[in-house]
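See below for the structure under consideration.
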Amino acid sequence: MLTKAPKGTKDILPEASAQWHRIEDIMRDICARYGFMEARTPVFEHTELFLRSVGDTTDIVQKEMYTFEDKGGRSVTLKPEGTAGVVRMFVEHGLFNLAQPTKMYYLNTPVFRYENPQAGRLREHHQFGIELFGAKSATCDAEIISLAMDVLKSAGVEGLALNINSIGCMECRPGYNTKLKAYFAENENRLCNMCKNRLQTNPLRILDCKDEGCADIIADAPLILDSICGECAGHFDLLQSCLQSIGMDFRINPKIVRGLDYYTKTVFEIISTEIGSQGTVCGGGRYDGLVAEVGGPDMPGVGFGMGMERLLMVLQSQNKAITPLNAYDIYICSMDEEGAKQAFRLAKALRDAGVSAELNHGGKSMKAQFKYADKLGVSYVAIMGQDELEKGIIKLKDMKGGPEDELPIGTAVEAILKMLGKDKRFDDIEGV
RNA sequence: GUGGGUAUAGUUCAGUUGGUUAGAGCGCCAGAUUGUGGCUCUGGAGAUCGUGGGUUCAAGUCCCACUACUCACCCCA
């Protein structure tokens, strides 16, 4: 137990961190091009925030939150999603007073949900996400979808499907809900047990049911796209024509509904079929009522969350994972304590000059040191044994082969920089 | 929360109808080469066989429970 990570959590081993760095760099770069700036919010928030934003009838709130009371008697909750904290920040700091829209992203934000883990699902996972406040045009929706696809494309992912839908607004959705409920109520006895339940709680989600018996009923269910108001329809049309104008493929999927209550109009998912049944790599949509819901002005917003782990899984399955190589430029061999001291000093001078250097930290024979240097993948090994110290030199061996050079210690840094093809940035080690 | 599968060395896996001292590859350490890596050869360390109980003369192997991992449902990134 002591040496076991908690259920549903994953360590990121040193050998894997390069993967993360790579996609983080891509995300930062693309966000900058689109004019989004990074925002960081606390890992926990007042529980009330999520009840209000995510919705107190959702599964996330009802059974998946890590909620606890702190020593001051406050109920706090570890983030079960990324949007609420950013909305709170937007309102608390009055960012709505700035010129709009406000464009923010968050990166590597840990998200906690008490779920049963499976392929592509963890209790702690990490999200990259975008939030855009203060503009209601569908061009914004198109912009963030475009950003998401750019990130995925830059990462090298192929074959992901973009699904979009509109679930209407506060004006037109209630009417559709009534229609849908009436339709399913007529066919209630043919629905699966779970859907009979959903008929009461959230009939929209019946559309998402995979039960075969339900599928027949769903096939003839009224479509939300036929019921949305003129404004929503116009909004959805503009989104589609924006996406078409940049040649982006998408599929209108009237069944995607999303599990968070705050969505309005646009919802979308970017899905992989290669990482198991939890294939949604990115999901999001518009949330025009959310800012007002948590106490801010009536301001529209749109955003998405992208699962870092799922993205990495797709990259892995497509063999796009990079092999990390933390290769030192040089390893410094030594045979005794005096040599180790000199090696330490040389390593420091090399590191100051921009060279990645490692040295013998004791206890290894020369043979073992070379073996180790080989495993590290260094280009050069410098030898500082007794013979060399007496003569005031180091021997430098090119690990690809060739004769060893003898270099006076005083000019070793400069010579090594030259061999490595690096610019000299600092003075040579003095008085050695 | 529900269901299926799995659990043997750091790791990937063998282990016969229950049978006496639980093996291998890779990795790690060392030697062959007393100051020189890769290739090869030799040797070594490393396993309370997930935990607890039961059946049996005898359990890694059979039975039960628990735990963990894993896949799936639900839901979501």
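We name chains A, B, ... by the order of the sequence lines, and we start the count at 1 in each one. Note that the coordinates shown come from a computational prediction; the quantities given were computed from them, not determined experimentally.
Side-chain proximity of A:Glu388 to B:rG35, B:rC71, B:rC28: nearest is B:rG35. With distances taken from any side-chain atom of A:Arg310 to the nucleotides B:rA77, B:rG35, B:rG37, the minimum falls on B:rA77. Side-chain proximity of A:Gln118 to B:rC75, B:rG35, B:rA72: nearest is B:rA72. For A:Lys367, the side-chain atoms get nearest to B:rG37 when compared with the rest of B:rG35, B:rA77, B:rG37. Side-chain proximity of A:Lys375 to the nucleotides B:rC74, B:rC28, B:rG38 is greatest for B:rC28. Among the nucleotides B:rA72, B:rC75, B:rU36, the one closest to the side chain of A:Ala119 is B:rA72.
Following rounding to the nearest Å, A:Lys10 (NZ) and B:rA77 (C1') show an atom-to-atom distance of 14 Å. When the C1' atom of B:rU36 is taken as reference, atom CG of A:Asp387 falls 13 Å away, rounded to whole Å. For the pair A:Lys364 NZ and B:rC29 C1', the interatomic distance rounds to 10 Å; values are reported in whole Å. Residue A:Met399 contributes atom CE, which lies 9 Å from atom P of B:rG37 at whole-angstrom precision. We find that CG of A:Asp59 is positioned 5 Å from C1' of B:rC75, with the value rounded to whole Å. Separating the CZ atom of A:Phe268 from the C1' atom of B:rA77 is a distance of 12 Å, rounded to the nearest angstrom. Atom-to-atom, OH of A:Tyr372 to C1' of B:rG27 comes out at 15 Å; the value is rounded to the nearest Å. Rounded to whole Å, the distance from CD1 on A:Ile23 to P on B:rA77 is 17 Å.
Ion pairing between a basic and an acidic side chain is recognised when a charged N comes within 4.0 Å of a carboxylate O; A:Arg351 and A:Glu358 show such pairing.
Annotation: B:rU2 and B:rU11 have their P atoms spaced 30 Å apart (nearest Å). Going from the P atom of B:rG4 to that of B:rC49 covers 28 Å, rounded to whole Å. Comparing the C1' positions of B:rU56 and B:rC62 gives a spacing of 10 Å, expressed to the nearest Å. Across B:rG1 and B:rC74, the matching C1' atoms stand 9 Å from one another, rounded to whole Å. Comparing B:rC66 with B:rG25, their P atoms are spaced 39 Å from each other, to the whole Å. Taking atom C1' on both B:rC26 and B:rC71, the two are 27 Å apart, rounded to the nearest angstrom. Annotation: B:rG3 and B:rG44 have their P atoms spaced 49 Å apart (nearest Å). Rounded to a whole angstrom, the distance from the P atom of B:rG46 to that of B:rC13 is 24 Å.
The backbone N or O of A:Ile256 sits less than 3.5 Å from a side-chain atom of A:Asn165, completing a donor-acceptor pair.
Judged by Watson-Crick or G-U wobble contacts below 3.5 Å, the nucleotide B:rC66 has B:rG50 as its partner. In this structure, B:rU20 makes no Watson-Crick or G-U wobble pair, since no nucleotide meets both defining distances under 3.5 angstrom. With both pairing distances under 3.5 Å, B:rA72 is matched to B:rU2 as a Watson-Crick or G-U wobble pair. Applying the Watson-Crick and G-U wobble criteria (two distances, each under 3.5 Å), B:rC39 pairs with nothing in any strand.
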Short heteroatom pairs, N/O only, protein and nucleotides 1-3 of chain B, under 3.5 Å:
from: B:rU2; atom 1: O4; to: A:Asn116; atom 2: ND2; distance (Å): 2.7

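Here A:Leu260 lies in heavy-atom contact (under 4.0 Å) with sugar-phosphate atoms only. Residue A:Cys333 is classed as having no contact, given no heavy-atom separation below 4.0 Å to the nucleic acid. Nucleic acid contact class of A:Glu269 (heavy atoms, under 4.0 Å, all strands): none. Using a 4.0 Å heavy-atom distance criterion, A:Arg113 is classed as a base contact.
Each of A:Gly120 and A:Met313 was assigned the nucleotide of RNA chain B with the nearest heavy atom; the assignment lying further toward the 5' end belongs to A:Met313. Ranked by how close their nearest RNA chain B nucleotide is to the 5' end, A:Lys63 and A:Lys7 are led by A:Lys7.
Within a 6.0 Å radius of CD in A:Gln316, no more than 12 heavy atoms belonging to other residues, nucleotides or ligands are found.
Of the options A:Asn108, A:Val151, A:Ile23, a side-chain contact (heavy atoms from CB on, under 4.5 Å) to A:Phe128 is made by A:Val151 and by none of the others.
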Exercise for review: Start with the C-alpha gap between A:Phe68 and A:Val76, add the side-chain angles, then the distance that decides, and say whether side-chain contact (heavy atoms from CB on, under 4.5 Å) holds.
Suggested key: CA-CA 6 Å; A:Phe68 59 97; A:Val76 294; 3.6 Å; yes
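For the pair A:Lys4 and B:rA7, the criterion of a side-chain N or O lying under 4.0 Å from OP1 or OP2 is not met. Of the side-chain N and O atoms in A:Ser277, one or more sit less than 4.0 angstrom from OP1 or OP2 of B:rC73.
For the residue pair A:Gln342 and A:Glu338, a side-chain donor N or O sits within less than 3.5 Å of a side-chain acceptor on the partner. No side-chain N or O of A:Glu81 forms a donor-acceptor pair with one of A:Ser53 less than 3.5 Å apart.
In terms of polar N and O atoms assigned as donor or acceptor, the side chain of A:Asp374 comes within less than 3.5 Å of the base of B:rG37 in a complementary pairing. For B:rG35, its base never sits under 3.5 Å from the side chain of A:Glu404 at any donor and acceptor pair. Looking at A:Gln278, its side chain comes within 3.5 Å of the base of B:rC75 through a donor and an acceptor atom.
For the pair A:Leu107 and A:Glu24, the minimum side-chain heavy-atom distance is below 4.5 Å.
Between A:Tyr372 and A:Tyr331, the ring planes are perpendicular. Angles over 60° get that label, and only those under 30° would be called parallel.
Heavy atoms only, all atoms of each residue included: A:Tyr34 and A:Ser146 are closest at OH-OG, 2.6 Å.
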